[in-house]
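All values below were derived from every heavy atom in this structure, side-chain atoms included, with hydrogens, water molecules and symmetry-related copies excluded.
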Amino acid sequence: MSGHPRAQPAGGPSATAVTTDRMDLTDRMDLTDRADAADRADAADRAALADRADRADRAVTAGPADRAELSGGPLTAPTVGTLGEALRRAARGPRGVVVIDGAGTADRRPYAELYADAARTAAELAAAGARPGARVIIRTNRTGDLLTAFWACVLGGLVPLPVSYGSGAAGLAEAVGAVGEAWLLGDEPPGPPPQGLRPLGQGPRPPAGSHEPLSARPDDPAVLTLTSGSGGRPKAVPLTHRQVLARAHGTALVRGLGPDTRSLNRMPLDHVSGIVMFHVRDVYLGCHQVHADAAWVRADPLRWLDVAEAERIDTTWAPNRVLALLVDRLAEVRDRSWDLSRLRYVMNGGEAVKDRVVRRFVGALAPHGLPATAVHPGWGMPETASGVVDGVFRPADGPPRRHVPVGKPQPGVSVRVVDEAGRVVPAGVVGRLQITGEPVARTYLVGGVARPAPLSADGWLVTDDLAFVADGELTVTGRADGIIDIGGGRWHGHEIEDAVEELPCVVPSFTIARPLAADGTNPAGGTGRAGSSSGPVGLAVLFRPRPGVSPDEAAERVRERVRRRFGAAPVHVHVLDQADSPRTATGKLRRPAVADGPPAAPSPAGFPHREA
């Protein structure tokens with residue numbers, strides 16, 4: 001991939017720092033000493049990298065003539081027009097859904113049975129007073145019931161919004177704050193329901209076959225999903241049948257998915273990745289699909305491999321942190337083996353894709369038959385009905401990269417990178433990512449009222465991500481509000497976090513890096529006055545040490561790693577324990593909960609700039 005604008009790996013993983021398989025605690029600490037010795041040469045590399053970036057910033061207009069814009073080309077029409085049609089078609093086939101619950105028990109359910117249950121429940125909802133177009137919040141910790149409720153809403157012309165069961169009354173209040181008046185289908189948390197939320201009674205149970213499913217239209221809303229964003233108010237993304245099916249059809253065309261696909265999802269179905277990216281897509285395909293309880297897999301990541309082998313899975317997905325935890329767990333076992341030769345499509349997205357982690361994942365599972373090109377980095381968001389850009393990670397393409405390309409847009413989708421004035425930048429220049437196409441939503445719901453999504457003057461959705469285009473692929477570097485200026489360079493917080501997690505004394509996937517606010521507020525909840533300037537005055541790093549490691553010693557090693565690699569000073573380090581690490585339903589850290597205090601404002605000069 002000559003010509004790809006790569007940064008040096010910022011003092012990236014040394015050979016010793018990544019070979020942590022099967023070592024005891026003393027070996028881990030000795031390994032850290034050797035890795036730290038290698039860091040002593042980082043200062044010169046870091047200074048050179050910052051200098052090249054600064055010179056590139058001053059010479060943006062001298063970039064290549066090719067524009068940072070990619071198109072997936074036209075999308076052929078999906079083979080059905082609505083989600084209800086997709087389920088009815090799947091019900092005529094032989095396949096179905098496998099749900100593995102929190103105890104590891106599998107329930108197998110043919111699509112024909114799912115359709116019959118959903119049609120019966122749709123009749124019950126209509127009898128209870130729910131009319132077509134009404135919004136229905138689904139809250140249950142039973143995946144099978146969630147699927148029945150979801151499809152009952154689809155068949156009845158209702159608009160479902162699955163929410164996290166664990167979020168309780170606060171989660172329901174957030175959902176109502178986004179969608180306005182709604183029905184509640186499922187379990188009620190203790191206490192009075194939020195204003196505007198009406199629990200659905202069981203209603204009379206009509207005879208089987210007495211209710212004919214509603215005939216929806218492609219541009220009717222099909223599903224709602226909550227999303228985060230600026231402004232502080234909860235909001236939901238309404239996705240139409242056309243948008244959801246465009247995404248499913250486009251992905252199937254690019255990756256050769258069909259009725260013979262066998263997929264595994266371990267994300268909750270109240271998240272867009274679980275319900276839309278996997279479940280609805282696989283109903284559209286009419287293929288075999290498996291959904292494993294997220295907490296059950298998280299308790300032992302090797303269960304993911306057990307299910308993949310037992311169910312002969314060829315398609316699955318995981319964010320970077322899950323790959324890291326799996327490799328970490330593999331290092332603890334010597335006598336386990338799996339046949340993963342069928343696993344050809346491991347989608348990797350949802351957060352920054354890290355070159356070091358993916359290489360370790362591929363290397364660790366190669367002895368078990370995982371193809372070298374099985375990992376597919378990708379990008380998407382709730383506003384695009386989940387992933388709409390993906391590629392293939394090829395370890396043989398060259399040395400580790402600072403940022404991993406996420407590939408090309410699927411058919412029906414176009415992306416571009418623009419500067420602060422909305423002008424498309426040259427290839428290789430970092431700017432704000434914009435997207436347009438058939439799966440892209442145009443509105444949000446806020447307080448039950450439709451609000452326009454942030455669009456450019458010519459109608460492209462403006463995202464919060466920074467990116468660049470090179471060699472015909474998109475590379476997303478991180479969020480625009482995640483830039484940290486330290487040591488004369490500009491870095492994304494996830495780059496600092498990845499460097500910290502190279503240390504063998506640190507548990508992967510729990511690290512958070514953020515600017516230390518100018519008012520002295522730090523993420524541990526205390527204060528540490530360091531100056532009175534309006535900008536950041538240092539860096540805060542929160543991490544979890546491995547069991548048996550002295551927290552003080554681990555903290556010092558983290559502090560030295562960040563100082564040497566990034567030139568940051570001062571570095572405030574806070575050790576997290578289990579109680580400090582709450583997670584979302586998808587397993588992501590709830591960053592505001594563990595990083596209290598106002599972060600420093602992001603640099604206004606975050607883009608455009610050329611990747612060194």
Side-chain angles (χ1 to χ4, degrees), residues 96-109 140-147 150 162 164-166 225 251 257 261-283 285 287-330 336 338 340 342-351 353 357-358 361-362 364-365 368 370 374-378 380 382 386-387 390 508-510 583-589:
V97 183
V98 178
V99 172
I100 301 175
D101 66 18
T105 303
D107 177 67
R108 299 179 182 274
R109 193 179 192 188
T140 176
N141 62 352
R142 299 174 296 279
T143 301
D145 290 352
L146 188 152
L147 292 177
F150 175 85
S164 168
Y165 184 84
T225 179
T251 299
L257 308 179
T261 294
R262 301 180 68 87
S263 79
L264 169 60
N265 168 56
R266 43 86 51 207
M267 300 299 280
L269 292 180
D270 54 66
H271 190 268
V272 66
S273 59
I275 194 68
V276 172
M277 188 166 74
F278 263 71
H279 175 65
V280 171
R281 179 203 64 194
D282 294 345
V283 169
L285 298 174
C287 72
H288 178 80
Q289 56 176 294
V290 181
H291 298 272
D293 181 79
W296 179 75
V297 175
R298 194 160 55 243
D300 184 357
L302 297 184
R303 290 169 173 167
W304 186 33
L305 305 184
D306 294 338
V307 176
E309 179 185 48
E311 296 288 342
R312 306 191 308 281
I313 297 300
D314 54 56
T315 299
T316 187
W317 95 280
N320 189 81
R321 60 191 157 74
V322 172
L323 301 187
L325 288 171
L326 178 61
V327 173
D328 201 55
R329 180 74 177 90
L330 279 169
R336 299 289 305 276
W338 299 267
L340 304 178
R342 301 179 185 87
L343 199 52
R344 66 178 182 87
Y345 185 24
V346 181
M347 303 168 64
N348 182 207
E351 61 187 10
V353 179
V357 173
V358 177
F361 174 80
V362 172
L365 293 182
H368 304 281
L370 183 76
V375 177
H376 292 240
S386 72
D390 82 356
S509 87
F510 292 94
R583 289 184 174 273
T584 66
T586 59
K588 287 185 178 181
L589 287 167

Heavy-atom closest pair (Pro162 atom, Phe150 atom, distance to 0.1 Å) is CG-CD1, 4.5 Å
Between the side chains of Arg336 and Asp306, is the shortest nitrogen-to-carboxylate-oxygen separation below 4.0 Å, so that they form an ion pair? yes
Between Ser263 and Trp317, is any side-chain donor less than 3.5 angstrom from a side-chain acceptor? no
What's the spacing between His368 NE2 and Leu330 CG if we round to 0.5 Å? 6.0 Å
If you take all heavy atoms of Ile100 and Ala106, which pair is closest and at what distance? CG1-CB, 4.1 Å
Arg312: which residues meet the side-chain hydrogen bond (donor to acceptor under 3.5 Å, both in side chains) condition with it, sequence neighbours left out? none
Determine the minimum heavy-atom distance between Met277 and Gly387, stating which atoms define it. SD-N, 3.9 Å
Beyond-backbone contact of Leu147 with Val99, side-chain heavy atoms, under 4.5 angstrom: yes
With sequence neighbours excluded, what pairs up with Val358 under the side chain to side chain contact (heavy atoms under 4.5 Å, CB included) test? Leu323, Asn348, Val353, Val362, Val375, Phe393
Sequence neighbours left out, what passes side chain to side chain contact (heavy atoms under 4.5 Å, CB included) with Arg108? Give chain and number order. Val98, His288, Glu311
Nearest heavy atoms of Thr251 and Leu257, plus distance in Å: CG2-CD1, 4.2 Å
So, do Thr316 and Tyr345 sit near enough that their side-chain heavy atoms are less than 4.5 Å apart? no
Enter the distance from Asp282:CG to Thr315:OG1 here, rounded to the nearest 0.5 Å. 8.0 Å
